Amino acid sequence: MKVAPEVPAEEVSGEAQGAPIEAGADQVERLLADLNGPQREAVTFGEGPLLILAGAGSGKTRALTHRIAWLLATGLAHPNQILAITFTNKAADEMRERVSSLVGGASRRMWVMTFHAACARLLRIEAERLGYTPRFTIYDEADSLRMLKRCLDELEVDTKRYPPRAVRARISDAKNQLIDAETYQETAGGPFEEMVGQAYRLYERRMLEANSMDFDDLLMRTVNVLELFEDVRRRYRERFRWVLVDEYQDTNHAQYRLLQLLCGEDGNLTVVGDEDQSIYGFRGAEVRNILEFTIDFKDAHVVKLEQNYRSTETVLEAANAVISHNTGRLGKNLWSDHGEGEKIHVAELEDEHAEARFVAGEIEELIDQGGMSRDEIAVFYRTNAHSRVLEDILVRYELPYQVIGGTKFYERAEIKDAIAYLQLMVNPADEVSFSRVINSPRRGIGDTSQGRLRNHANTTGRTIWEVAVEPEAVPGLAAAAIKSISRFTELIEELRAEFEGGPVADLLKALLERSGYLDALRAERTIEAEGRIENLEELVGVAAEFDANREVEGSSELEPLEEFLQAISLYTDQDDLKRDESKVTLMTLHNAKGLEYDAVFIIGCEEGVFPHSRSLEEGNEEEERRLAYVGITRARKRLWMTHARSRRMFAGRETGFPSRFLSELPEELVDREGTEEQALTGWSLGGNGAPSPKADLSLSFATGDDVTHASFGDGVVTAVEPGGVIVVRFASDGTERKLMADYAPLRKAS
DNA sequence: TAATATTACCTTTTT
DNA sequence: GGTAATATTA
């Protein structure tokens, strides 16, 4: 994980300085030299709206970065007129790096960042017009949920009937649609929506009081400021004469409106996207934005990039075949000249354990026989829960792996606590951060005392911090609580005074020690606490790295701490998907977008799992199919899709039919297989329901089977005992061992 | 106030 | 099956 200062470290290399942009024709030629026809067309398009429809693996980042370089080289754009927007920090970093390798230090004057980062940056300058200070806090989803819960409590909403998450989702949807609280309330139909309207209103008020914005606010407030203040709008329009957007298919309404305000309908807006890879509809992304770009932006020019530089023809044909079942496409057909390649392997397994064993076995073979390196292999699944069984088996096979996603570093309680302390120093109005740390570590300031503080704050119209600074004035507070609160606020004040403007790492270290936070963890003497301490140490490391980078850069008007928080609050370890060369990668299909691997496994291809039943209920079959499309097109050479006949879900075991996406694969591209005889017979002969666990096990191994164990090597099954135990005699040392068939890293030798 | 027992819940999640 | 948020009790 790394958090770079806002202006990144792309030092001007001597080479780049020696070859200034004005080099002219020569330079332009070089830029275009290794591009194909459509790419070149996209890169050299002049003024006006441009839509680049870029299929998977068609070199869209290349087109985008070269276009930026071309605009500079031809003198059409100055670096500071360029705004290049991505969705992830990782994509932003990559783009910045690639642009900088093309144009050198000029890239430092451009804004290359995510939507949210760009908005945050703009709002730090303009937010005062909306009643915020430039030091506002950015709340992540968990923070904003805390805030909302408090609002719901205050409104005495029954959170059993109306779960806060559901309310938050509604508010988030509304914000993505740019519907403000008042409008929402006016148009509310039914009691739930009226309650949401009320909650929304209160939430907005409290957020403003806390000088805080959630992720959705960053977009919506930016739109507000541009809509309300013509001078601001004019200023940024003139400033950003060239706007380029990556992954346009994932934009929501607020982002669309933002671009409209910034570019007008005939501005120099370049968007790149692929409607077939729109997989974030559930978060408000609107495919219509890309489908109707040419209507929204006058006379937009369209370029299609259809040559794929990644996958074999078989993989692409499979992807094309699946996605062709969707309607409402702009129509693209990927092709490649990488040759036919291997067929798609479709495997039917007994249950999730057999599936995991199968995958592990195939991976082992790829590495041992195929000579493939582990970092070229990935396993995708629909939901995070599916990684567990697989992880168990991989451990038993002694296959090193990494899981992307799941519990994130910055979402860990201890990390959030530490950051909340810092946040509170910068923005004392930040109520959520205050509540987070006031009693963490335990200071004997529980719910009742906190309630009294909050009450007093509400009645006197002050922030909770202002009230906490003089706790004597709060009615009902116990003497012990008063003392404790004073000690807390004094600590914060002290630290602030002592470390103002200094290195963030020093402040963080002092804070963790002096607050007693580390001591409390040390006192726990548990493995979890150990882990937490390590995480905090890592955070200090992140801060130290940030400080060091900042030193080099010398940069910016902001205080180091403010800058650090700005960076960290928009950074997730999503951005940290760096490739670990010695590990197989496991992740959800959503996380797979934008990545590629030589060998890909998509597991859990069953109706109800993938496509997910809830998605189907909501009528999102097409989005699920796009997810399949994304998954398939990640594979360069080899692709496996597996399904299990029964799978443990929630409490019990459920039978699952093969995913519709499997039947959408053209038969001639598919090679069906399974580890077990039984598996090959498939569903047509499959009888009714799941076999009993016993049958299940006896299916796996029989006396006389040749097997391979991950650590003991080759052997033969000499007995099958009840309870899933089998006896195996190993060739290496002749010993017999009793093993659990379901859990041992065993597979049948071929 | 804090620690422990119980119970409801449960996709995906770029920021 | 595992978590996370209540309910209960010390």
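Note on naming: letters A, B, ... go to the chains in the order of the sequence lines (proteins, then strands), and numbering restarts at 1 for each one. Note: hydrogens, waters and symmetry copies are ignored here, and every other heavy atom, side chains too, is used. Note that the structure is a prediction, hence the values are computed from the model and not measured.
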Chemist: So A/Ser613, base contact, sugar-phosphate only, or nothing? Heavy-atom distance under 4.0 Å.
Modeler: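 The answer is nothing, as A/Ser613 stays clear of every strand by at least 4.0 Å.
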Chemist: Whether the side chain of A/Arg124 engages the backbone of A/Pro134 through a donor-acceptor N/O pair (distance < 3.5 Å, no angle test) should be reported.
Modeler: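 Yes, because the side chain of A/Arg124 sits within donor-acceptor range (under 3.5 Å) of the backbone of A/Pro134.
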Chemist: What's the closest nucleotide to the A/Arg442 side chain, out of B/dT14, B/dA2, B/dT11?
Modeler: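 Minimum distance to the A/Arg442 side chain belongs to B/dA2.
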Chemist: With no hydrogens and no angle check, is any side-chain donor or acceptor of A/Asn439 less than 3.5 Å from a backbone partner on A/Ile445?
Modeler: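 Side chain of A/Asn439 to backbone of A/Ile445: a pair is present.
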Chemist: Taking atom types as they are modelled, would you say the side chain of A/Arg283 forms a donor-acceptor pair with the base of B/dT15 within the 3.5 Å cutoff?
Modeler: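 Result: at least one qualifying N/O pair found.
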Chemist: Round to the nearest Å and state the distance from A/Ile85 atom CD1 to B/dT15 atom C1'.
Modeler: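 Atom CD1 in A/Ile85 sits about 13 Å away from atom C1' in B/dT15.
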Chemist: Could you tell me whether A/Gln450 contacts a base, only the sugar-phosphate backbone, or nothing, with contacts defined as non-hydrogen atoms closer than 4.0 Å?
Modeler: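 It contacts nothing in the nucleic acid.
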Chemist: Can you check the A/Leu152 CG to C/dA5 C1' distance for me, whole Å?
Modeler: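 Taking atom C1' of C/dA5 as the reference, CG of A/Leu152 is at 15 Å.
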Chemist: Take atom CZ of A/Arg168 and atom P of B/dT13, then tell me their distance rounded to the nearest Å.
Modeler: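 Spelled out: CZ on A/Arg168 to P on B/dT13 is 15 Å.
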Chemist: Are any of A/Thr588's side-chain N or O atoms less than 4.0 Å away from OP1 or OP2 of B/dT13?
Modeler: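 Indeed, a polar side-chain atom of A/Thr588 lies that close.
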Chemist: For the backbone of A/Ala644 and the side chain of A/Glu606, can you confirm whether one donor and one acceptor N or O come within less than 3.5 Å of each other?
Modeler: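 The answer is yes, because a donor-acceptor pair under 3.5 Å joins these two groups.
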Chemist: Nearest to the side chain of A/Arg648, heavy atoms from C-beta on, is which of B/dT11, B/dT15, C/dG1?
Modeler: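 Looking only at heavy atoms from C-beta outward on A/Arg648, the closest nucleotide is C/dG1.
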Chemist: Mind checking the CG-CD1 spacing from A/Asp143 to A/Ile138? Nearest 0.5 Å is all I need.
Modeler: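 Taking CG in A/Asp143 and CD1 in A/Ile138, the distance rounds to 11.0 Å.
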Chemist: For the pair made of CG in A/Leu218 and P in B/dT14, what is the distance, rounded to whole Å?
Modeler: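 Those two atoms, CG and P, are 16 Å apart.
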Chemist: Just say parallel, tilted or perpendicular for the rings of A/His253 and A/Tyr256, cut-offs at 30° and 60°.
Modeler: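 Ring orientation of A/His253 relative to A/Tyr256: tilted.
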Chemist: Rounded to the nearest Å, what distance is computed from the CZ atom of residue A/Phe380 to the C1' atom of nucleotide B/dT12?
Modeler: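 So the CZ-C1' distance, A/Phe380 to B/dT12, works out to 15 Å.
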Chemist: So, using side-chain hydrogen bond (donor to acceptor under 3.5 Å, both in side chains) as the criterion, who are the partners of A/Thr65 when residues are at least two apart?
Modeler: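 A/Thr65: no side-chain hydrogen bond (donor to acceptor under 3.5 Å, both in side chains) contacts found.
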Chemist: Nearest of B/dA2, B/dT14, B/dT15 to any side-chain atom of A/Lys593?
Modeler: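 Per side-chain heavy atoms of A/Lys593, the pick is B/dT14.
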Chemist: Calculate the interatomic distance between A/Asn620 atom CG and B/dT12 atom C1'; express it in whole Å.
Modeler: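 Rounding to the nearest Å, CG of A/Asn620 and C1' of B/dT12 are 11 Å apart.
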Chemist: Does the ring of A/Phe282 meet both stacking tests against the six-membered base ring of B/dT13: centre distance under 5.5 Å and plane angle under 30°?
Modeler: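 Taking the rule of under 5.5 Å and under 30°, the ring of A/Phe282 does not stack on B/dT13.
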Chemist: Answer yes or no: side-chain N or O of A/His612 and base N or O of B/dT11 forming a donor-acceptor pair under 3.5 Å.
Modeler: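 Counting by modelled atom types and ignoring angles, no donor-acceptor contact under 3.5 Å is found here.
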Chemist: Pick base, sugar-phosphate or nothing for A/Asp250, based on heavy-atom distances below 4.0 Å to the nucleic acid.
Modeler: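 Base contact.
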Chemist: Taking atom P of B/dT14 as reference, at what distance in whole Å does atom CD of A/Gln255 sit?
Modeler: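 After rounding, the reported distance stands at 14 Å.
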Chemist: If you look at every strand shown and take non-hydrogen atoms under 4.0 Å, does A/Ser615 touch a base, only sugar-phosphate, or nothing?
Modeler: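 It contacts base atoms.
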Chemist: Looking only at side-chain atoms of A/Arg614, point me to the closest of B/dT14, B/dT11, B/dT15.
Modeler: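 The nucleotide sitting nearest to the side chain is B/dT11.
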Chemist: Considering only side-chain heavy atoms of A/Asn439, which listed nucleotide, C/dG2, B/dA2, B/dT11, is closest?
Modeler: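 Side chain of A/Asn439 sits closest to B/dA2.
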Chemist: Choosing from B/dT11, B/dT13, B/dT15, which nucleotide comes nearest the side chain of A/Tyr280?
Modeler: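 Within the option list, the nearest is B/dT13.
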Chemist: Any protein N or O atoms within reach of nucleotides 6-8 of chain C? Criterion: under 3.5 Å, listing atom names and distances.
Modeler:
none

Chemist: Distance check needed: B/dT14 P versus A/His590 NE2, whole Å only.
Modeler: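 From A/His590 NE2 to B/dT14 P: 10 Å.
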Chemist: With sugar-phosphate meaning primed atoms plus P, OP1 and OP2, does A/Glu141 contact a base, only sugar-phosphate, or nothing at under 4.0 Å between heavy atoms?
Modeler: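 Base contact.
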Chemist: Please state the P separation for the pair B/dT13 and C/dA4 - nearest whole angstrom.
Modeler: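 Roughly 15 Å separates the two P atoms.
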Chemist: From B/dT15, B/dT12, B/dT14, pick the nucleotide closest to the side chain of A/Thr114?
Modeler: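 Looking only at heavy atoms from C-beta outward on A/Thr114, the closest nucleotide is B/dT15.
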Chemist: Closer than 3.5 angstrom, by distance alone: can the side chain of A/Asn326 be matched with the main-chain N or O of A/Glu622 as a donor-acceptor pair?
Modeler: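 Yes; judged by distance alone, with no hydrogens or angles, the pair exists.
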Chemist: Just confirming the chi classification of B/dT11, syn or anti, using 90° around 0 as the syn window.
Modeler: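 You should classify B/dT11 as syn.
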Chemist: Can you check whether A/Thr251's main-chain N or O pairs, donor with acceptor, with A/Asn289's side chain at less than 3.5 Å?
Modeler: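 Such a contact is found between A/Asn289 side chain and A/Thr251 backbone.
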Chemist: Please tell me if the side chains of A/Phe434 and A/Leu453 come closer than 4.5 Å, counting only heavy atoms from C-beta onward.
Modeler: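 Yes, their side chains come closer than 4.5 Å.
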Chemist: Applying a 4.0 Å non-hydrogen cut-off, can you work out what A/Gly444 is touching in the nucleic acid: base, sugar-phosphate, or nothing?
Modeler: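 Sugar-phosphate contact only - A/Gly444 comes under 4.0 Å of backbone atoms but never of a base.
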Chemist: On a whole-Å scale, what distance lies between the C1' atoms belonging to B/dT12 and C/dA5?
Modeler: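 B/dT12 and C/dA5 have their C1' atoms separated by 23 Å.
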